[in-house]
Engineer: 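Once you've had a glance at the structure underneath, I'll fire off some questions.
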Amino acid sequence: MTVPYSGIPGRQPHHPPVLLPCDPEAAELTGPVFGPAAVGPSDHDLTRRHTGEPLGERITVSGRILDRRGRPVRGQLVEIWQANAAGRYAHPADRNPAPLDPNFTGTGRCLTDDEGRYRFTTVRPGAYPVDATAWRPAHIHFSLFGTTFAQRLVTQMYFPGDPLLDRDGIHHAVRDPAARARLIAARDPAGPAYHWDVVLDGPCATWTEGTR
Ligand SMILES: [Fe+2]
């Protein structure tokens, strides 16, 4: 049974939209543009951002960014953020009493190659409590930047076989079972490697926050 997540109402807008006194198309055209120079050579490796080794199981997460016809999306900025192996974010707003890891910040980024591939090395994130009765399953947040800020898509990747998935209110906020299943990575039987493709649009599009 899915446990209602008390945090969901807090994620919804409580006021009507405000019309900004600017041209949104102009904002898109002048938004930030990232190129290869903006991404460091080790930004994809979350285990090498500090002098020491982070705690937790080393994993790789890789896949492709594709359009609705299966064509690769090249040069796409892919950013991830996640909790550490104990389920704690390195963020002042995280009140989980689990320990911080001084050798793990939990953020990384890379650009897709000519085949639309991305690849991260990280540690498997821990589950964490969201209130007195519910825990979030292990997950990694993904951001795909598009070509301008206004195109940014945000979603979450989950791990196969996680017993917390069936009770997670956020995962089950995706009503379509097939779309929900597409958010779960595939594990490589040969090692601690996970594969997860993101499809930007079309009937098999990956669910993104804001999708209904
Ligand atoms: Fe999270």
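Only heavy atoms go into these numbers, but all of them, side chains included; no hydrogens, no water, no symmetry mates.
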Engineer: Looking at Thr105, Asp101, Asn103, which one forms a side chain to side chain donor-acceptor pair (under 3.5 Å) with His50?
Structural biologist: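 In the set Thr105, Asp101, Asn103, the residue that makes a side chain to side chain donor-acceptor pair (under 3.5 Å) with His50 is Thr105.
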Engineer: Do the side chains of Ile184 and Leu66 join up, straight or via other hydrophobic residues, at under 4.5 Å, putting them in one cluster?
Structural biologist: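 Each belongs to a different hydrophobic cluster.
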Engineer: Could you tell me whether the side chain of His195 and the main chain of Arg187 form a donor-acceptor pair under 3.5 Å?
Structural biologist: no
Engineer: Would you confirm whether Arg152, through its side chain, and Phe145, through its main-chain N or O, come within 3.5 Å as a donor-acceptor pair?
Structural biologist: no
Engineer: Between Ser143 and Val154 (side chain of the first, backbone of the second, donor and acceptor by atom type, cut-off under 3.5 Å), is there such a pair?
Structural biologist: no
Engineer: Please walk me through it: do Arg109 and Leu77 pass side-chain contact (heavy atoms from CB on, under 4.5 Å)?
Structural biologist: CA-CA 7 Å; Arg109 59 184 181 172; Leu77 178 67; 4.3 Å; yes
Engineer: Rounded to the nearest 0.5 Å, what separates atom CE in Met157 from atom NE2 in His139?
Structural biologist: 10.0 Å
Engineer: Looking at Phe120 and Gly108, what are the two nearest heavy atoms and their distance?
Structural biologist: CE2-C, 3.7 Å
Engineer: Arg88 side chain to Pro97 main-chain N or O, any donor-acceptor pair under 3.5 Å?
Structural biologist: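 Such a contact is absent between Arg88 side chain and Pro97 backbone.
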Engineer: Is there a path of hydrophobic side-chain contacts, each under 4.5 Å between heavy atoms of I, L, V, M, F, W or Y residues, that connects Leu144 with Val174?
Structural biologist: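 Same hydrophobic cluster.
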Engineer: Please give me the minimum heavy-atom distance between Leu200 and Val73, naming the atom from each residue.
Structural biologist: CD1-CG2, 3.7 Å
Engineer: Is any side-chain heavy atom of His171 less than 4.5 Å from a side-chain heavy atom of Leu183?
Structural biologist: yes
Engineer: Please give me the minimum heavy-atom distance between Gly87 and Asn96, naming the atom from each residue.
Structural biologist: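 Closest approach of Gly87 to Asn96: O-ND2, 2.7 Å.
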Engineer: So, are Arg58 and Glu53 salt-bridged, with charged N and O less than 4.0 Å apart?
Structural biologist: yes
Engineer: Which value, rounded to the nearest 0.5 Å, describes the distance between Arg74 atom CZ and Arg117 atom CZ?
Structural biologist: 11.0 Å
Engineer: Say whether, by atom type as modelled, one donor and one acceptor occur between the side chain of Asp94 and the main chain of Tyr89 under 3.5 angstrom.
Structural biologist: yes
Engineer: If you look at every heavy atom in Arg64 and Pro72, which pair is closest and at what distance?
Structural biologist: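 Reported closest heavy-atom pair: NH2-CB, 3.8 Å.
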Engineer: For Thr208 and Thr155, indicate whether the former's side chain and the latter's backbone hold a donor-acceptor pair under 3.5 Å.
Structural biologist: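 A pair under 3.5 Å: no.
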Engineer: Let me confirm one number: the CG-NE2 distance from Leu111 to His44, rounded to the nearest 0.5 Å.
Structural biologist: 12.0 Å
Engineer: Where the side chain of Asp197 meets the backbone of Arg182, is there a donor-acceptor pair that is under 3.5 Å apart?
Structural biologist: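 No, Asp197 side chain to Arg182 backbone: no donor-acceptor pair under 3.5 Å.
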Engineer: Do you know the tightest heavy-atom contact between Leu55 and Ala85?
Structural biologist: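 Residues Leu55 and Ala85, closest heavy atoms: O-CB, 3.5 Å.
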Engineer: Evaluate the criterion side-chain contact (heavy atoms from CB on, under 4.5 Å) for residue pair Gln82 and Val123; output intermediate values, then yes/no.
Structural biologist: CA-CA 9 Å; Gln82 63 168 91; Val123 300; 4.2 Å; yes
Engineer: Quick check: does any side chain N or O of Asp168 sit under 3.5 Å from a backbone N or O of Leu165, one acting as donor and the other as acceptor?
Structural biologist: no
Engineer: How long is the gap from OH on Tyr128 to CG on Leu164, to the nearest 0.5 Å?
Structural biologist: 11.5 Å
Engineer: What's the spacing between Trp135 CH2 and Arg167 CZ if we round to 0.5 Å?
Structural biologist: 13.0 Å
Engineer: Does the pair Asp201/Arg68 count as a salt bridge with the N-to-O cut at 4.0 Å?
Structural biologist: yes
Engineer: Taking all non-hydrogen atoms of both residues into account, name the closest pair between Thr107 and Leu46 and its distance.
Structural biologist: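 Result for this residue pair: O-CG, 3.4 Å.
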Engineer: Do the ring centers of Trp196 and Phe142 come within less than 6.0 Å of each other?
Structural biologist: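 Yes.
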Engineer: With no hydrogens and no angle check, do the side chains of Gln156 and Arg136 hold a donor and an acceptor under 3.5 Å apart?
Structural biologist: yes
Engineer: Taking atom types as modelled, find out whether Arg124 and Tyr194 have a side-chain donor-acceptor pair closer than 3.5 angstrom.
Structural biologist: yes
Engineer: Run the numbers on Arg49 and Asp43 for side-chain contact (heavy atoms from CB on, under 4.5 Å), then give the verdict.
Structural biologist: CA-CA 8 Å; Arg49 309 300 291 275; Asp43 285 2; 4.2 Å; yes
Engineer: Determine whether a donor-acceptor pair (N or O, by modelled atom type, separation under 3.5 Å) exists between the side chain of Asp67 and the backbone of Val199.
Structural biologist: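 Side chain of Asp67 to backbone of Val199: no pair is present.
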